[in-house]
Every structure is written in structure tokens, then in C-alpha cells.
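The structure under discussion appears below in the form of C-alpha cells.
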2 protein chains.
Amino acid sequence: MKLSTRARYGSRALLDIALQSSDEPVQLKEIAQREDISLQYLEHLVTPLISAGIIRSQRGAKGGVMLARPASEIKLSEIVNILEGTIDPVECIEHPDVCERSHSCVTRDIWDEVKKAMDAVLENITLQNLVERYMKKEKPEPVMYYI
Amino acid sequence: MKLSTRARYGSRALLDIALQSSDEPVQLKEIAQREDISLQYLEHLVTPLISAGIIRSQRGAKGGVMLARPASEIKLSEIVNILEGTIDPVECIEHPDVCERSHSCVTRDIWDEVKKAMDAVLENITLQNLVERYMKKEKPEPVMYYI
DNA sequence: TATAAAGTATACTAAAATAGTAGACAATAT
DNA sequence: ATATTGTCTACTATTTTAGTATACTTTATA
């Protein structure tokens, strides 16, 4: 029941891009270095994200990638879905035919509830939220101490 | 992000046992047949469930397995945990040391929230609940039709 | 317009996890 | 005594995941 590196690395890469947010594209090489992901593997993650319209790329010298939409409009559920495929904990949620029991299977119902619980979390978190969380961790609000 | 067959088969096997609930042990061979799981594979699932005190077994002729506790005291979270290992979607939840970023990683925080959402579902469903859901599906309450 | 610096695409390989099988062994009801 | 049933350990096959390699395309800019 583990997420693969694809979703993990991919989310980190996207957060990285969001944090560099300027008008200039961010080079894959830089992302790879900062995030400790091999450039070649990162490319595998970037391609589907481009196809899905999460990021866009500029080829050639001074090229790189950038968010295709505002960070506030990129939901984590979308990212995970693109990189991980469906989050369904069991095949029979999406394709009931794989098991003749599906229609009457109560355990299947449970896995569906589990999926929905996960979805609910991921649907409500955007890249922008991640950026804010990051900022908060990096620069915590000064705390007042009362003596 | 798939559950393995272990948790799926295991839950079904336990529900099967709960449904046969009598004082007599249920034979593994029967469970295997009803649930379409090879006997040998089922044995792999049964062993850890016995160790964990979910079921107990009687060896020898007329032997089999039975619930070691009332179905209402067996939570799905426990079953999944035994058969699947932790449900953590990423290694770094349980073992932050696997990644030097853990302490400052905001994506990790998200995966932790996802885990908690899943846990919340599985903690609240017992084998007894599954039995009741099953009964409901099999013998739906008669519905009044108003003309 | 040549060229270096990027991203793109496809194919391959290694490693790990998952799923499943086989067979000898141990306990027990009858 | 013995047939029936669970137990244990070892092995194997398959699939998925992770990662590497290499040739190719695009483009800024000198």
C-alpha cells in the first residue's frame, strides 16, 4: 500500500517548480539536483505532467519547465492520478469485471470508502497550499513570549 | 497504491469465517473453495492472523480455524496491518531517517494526512459490520411500495 | 547560420515485491 | 492405526518499480 516514487518525486518536483516561480523556465537539471532525483528519471515524470497540462516546457537553450496554470489551480489529486494512475486500492473499484464477486462483495465496498477518504484529502490540497506550508516551515511567524 | 492480494484475500477469508460462525471450526479447504484462493496461498495468510490472535486453529481431523474474538472486536485496520504491513503510503512516515528531507518536507506531511484518513475508515469498521453489510445485501429489508 | 544547451522519445536492464507452488511434517478425531 | 487436517520452510515465476542509456529534436544566441 505504498505510493511509488513517481508520485513522491513528482510532487516534490512540482513544488520545487512552484517555489522558483518566476517567468523563467526552471531547468530539469536544477530540479534534479535540488531534489536528488536522476535527471533521466525525472524526465520520465515530467513527460506525463506536460501531456496532462500541469506544466509546459520550453525546449532548447535556456529552456526548462514551468507551471502551466496557477499553483492554486493544481490539485494534488490530479498529480497523484497522473503519476500513479488511479489511487484505487483495488482493481475491482474501477473495473468490477475483474472479479465476479464485485456486485455483492462487501469488502470491495470498504476499499471504495478508503479510496474516497484518500481522495477527499488530495482533492483539497493544491500546489499553492504546499507552497504556503513550505513558507511557514521555513519562516515561522515570530512567536510572542509572555513572561 | 494498490492493496496487495494478502489484505484482500485475508479480509474475505475472515468474513467467510465470520459468516459460518458456529462452534465448529471452518476448514481452510472450504474457505479456499468458496473464496477462490489456492489452499496453499491461503495458509500463508492464515498463519500471521493466528499469531496476531485474530483467529485460532484446531489441527487434525475435523480441524479448521475460527475467530479468536467476537467479530465485533476485530477491526479492519488490524487485519490490514497484519497482512499488509503498515498502511503508510510512504516509508518516511514511519522511518523519517530514510530521507534527510523528512523534517522539513511538506509533501511528507500530506502523505501523513492521507494515511490518517485511511486509518480513520479502517478503524471504524469491524468484521461484525461486514457481516451486517453482507446480510443486508443478501436479504434486503422488504420495501413498501406505495401506489 | 553554427553550435551548445536544453527537452523528447524509446528501448533496455536491474532490483524488489508480490503471488503462488511444492512437499515434508505435526497434531488429532475417530 | 490412520485419515484428515493444519504448519512450516523452501523455492519459483511473474509483475511492478526504478533506473540507465542513447539517439534525436528544438532553440537561444554568438
Side-chain angles (χ1 to χ4, degrees), chain A residues 1-10 12-13 17 20 23-33 35-52 54-68 80 83-91 98-99, chain B residues 1-10 12-13 17 20 23-33 35-52 54-68 80 83-91 98-99:
Chain A
M1 200 60 194
K2 288 274 180 288
L3 226 49
S4 75
T5 52
R6 291 171 60 86
R8 291 196 287 120
Y9 290 178
R12 265 170 41 203
I17 296 168
Q20 314 300 317
D23 302 335
E24 307 218 320
V26 186
Q27 285 182 27
L28 291 186
K29 191 164 40 166
E30 287 173 19
I31 302 171
Q33 276 169 5
E35 303 295 332
D36 265 337
I37 305 173
S38 89
L39 177 59
Q40 285 137 331
Y41 195 50
L42 180 61
E43 287 163 356
H44 283 332
L45 310 180
V46 157
T47 310
L49 291 171
I50 292 173
S51 313
I54 302 280
I55 54 181
R56 59 203 161 83
S57 63
Q58 172 155 357
R59 296 172 78 148
K62 300 254 175 172
V65 294
M66 58 187 81
L67 298 184
V80 171
L83 293 175
E84 198 80 4
T86 170
I87 207 177
D88 298 335
V90 292
E91 184 70 14
V98 297
C99 179
Chain B
M1 201 56 194
K2 287 275 180 290
L3 225 48
S4 74
T5 53
R6 291 171 60 86
R8 291 196 288 119
Y9 291 176
R12 265 171 40 205
I17 296 167
Q20 314 300 316
D23 302 336
E24 307 218 320
V26 186
Q27 285 183 27
L28 292 186
K29 192 167 35 169
E30 287 173 20
I31 302 172
Q33 276 170 6
E35 303 295 333
D36 266 336
I37 305 172
S38 88
L39 177 60
Q40 285 137 331
Y41 195 50
L42 180 61
E43 287 164 356
H44 282 332
L45 310 181
V46 157
T47 310
L49 291 171
I50 293 173
S51 313
I54 302 280
I55 54 182
R56 59 203 161 81
S57 63
Q58 172 155 356
R59 298 170 78 147
K62 301 257 176 169
V65 295
M66 59 187 80
L67 298 185
V80 172
L83 294 175
E84 197 81 3
T86 169
I87 208 176
D88 298 334
V90 292
E91 183 69 15
V98 297
C99 178

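So that the names make sense, note that chain A is the first sequence line, chain B the second, and so on, each numbered from 1. Keep in mind that what you see is a predicted model, and the values were worked out from it rather than measured.
- Evaluation of the side-chain contact (heavy atoms from CB on, under 4.5 Å) rule for A:Ala52 yields A:Ile54, A:Ile82 as partners, not counting sequence neighbours.
- Legend: residues meeting side-chain contact (heavy atoms from CB on, under 4.5 Å) with B:Met1, ordered by chain and number and at least two apart, are A:Met1, A:Leu3, A:Glu84, A:Ile87, A:Met118, B:Pro89, B:Met118.
- For the pair A:Arg8 and B:Thr47, nearest-nucleotide mapping onto DNA chain D gives the more 5' position to B:Thr47.
- With sequence neighbours excluded, the residues satisfying side-chain contact (heavy atoms from CB on, under 4.5 Å) with A:Lys29 are A:Gln27, A:Gln33.
- If you take CD1 of A:Ile50 and C1' of C:dG7, they are 8 Å apart, rounded to a whole angstrom.
- When the P atom of D:dA18 is taken as reference, atom CD of A:Glu84 falls 8 Å away, rounded to whole Å.
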#### Entry: Annotated protein contacts, base or backbone, on nucleotides 21-30 of chain D with a non-hydrogen cut-off under 4.0 Å, one of B, S, - each
BB--BBBSS-
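- For B:Ile17 and D:dG6, the CD1 to P distance is 10 Å, given to the nearest whole Å.
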Report, one line per pair, each donor and acceptor closer than 3.5 Å where one atom sits in a side chain of residues 37-48 of chain B; sequence neighbours left out.
unit_1	atom_1	unit_2	atom_2	d
B:Ser38	OG	B:Tyr41	N	3.0
B:Tyr41	OH	B:Thr5	OG1	3.0
B:Thr47	OG1	B:Glu43	O	2.8

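- Straight-line distance from the CZ atom of B:Arg56 to the P atom of D:dT7: 13 Å, rounded to whole Å.
- With sequence neighbours excluded, the residues forming a salt bridge (Lys or Arg N to Asp or Glu O under 4.0 Å) with A:Glu35 are A:Arg12, B:Arg101, listed by chain and number.
- A residue-by-residue look at B:Arg6 and A:Gln27 shows that A:Gln27 has its nearest nucleotide of DNA chain C further toward the 5' end.
- Listed candidates were D:dT20, C:dT8, D:dG19. Nearest to the side chain of A:Tyr9 is D:dG19.
- Close to C:dA17, at under 4.0 Å from its OP1 or OP2, lies no side-chain N or O of B:Ser4.
- Residue B:Tyr41 contributes atom OH, which lies 18 Å from atom P of D:dT12 at whole-angstrom precision.
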### Query
DNA chain D in dot-bracket, Watson-Crick or G-U pairs under 3.5 Å, [ ] crossing, | other strand?
||||||||||||||||||||||||||||||
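- Remark: P of D:dT4 and CG of B:Leu39 are 15 Å apart, rounded to the nearest angstrom.
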### Task
Please step through side chain to side chain contact (heavy atoms under 4.5 Å, CB included) for the pair A:Ile31 and A:Val65, ending with a clear verdict.
CA-CA 10 Å; A:Ile31 302 171; A:Val65 294; 4.0 Å; yes
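- Residues A:Val26 and A:Met66 are not in side-chain contact: their nearest non-hydrogen atoms beyond the backbone lie 4.5 Å or more apart.
- Residue A:Leu49 contributes atom CG, which lies 14 Å from atom P of C:dG7 at whole-angstrom precision.
- For A:Arg6, the salt bridge (Lys or Arg N to Asp or Glu O under 4.0 Å) test picks out no residue, with sequence neighbours left out.
- For B:Ser38, taking side-chain heavy atoms from C-beta onward, the closest of the listed nucleotides D:dG6, C:dG7, C:dT21 is C:dT21.
- With rounding to whole Å, B:Leu42 atom CG is found 16 Å from C:dA22 atom C1'.
- Residues satisfying the side-chain contact (heavy atoms from CB on, under 4.5 Å) test with A:Ala68, not counting sequence neighbours, are A:Arg56.
- Considering only side-chain N and O atoms, A:Ser57 lies nowhere under 4.0 angstrom from the phosphate OP1 or OP2 of C:dG7.
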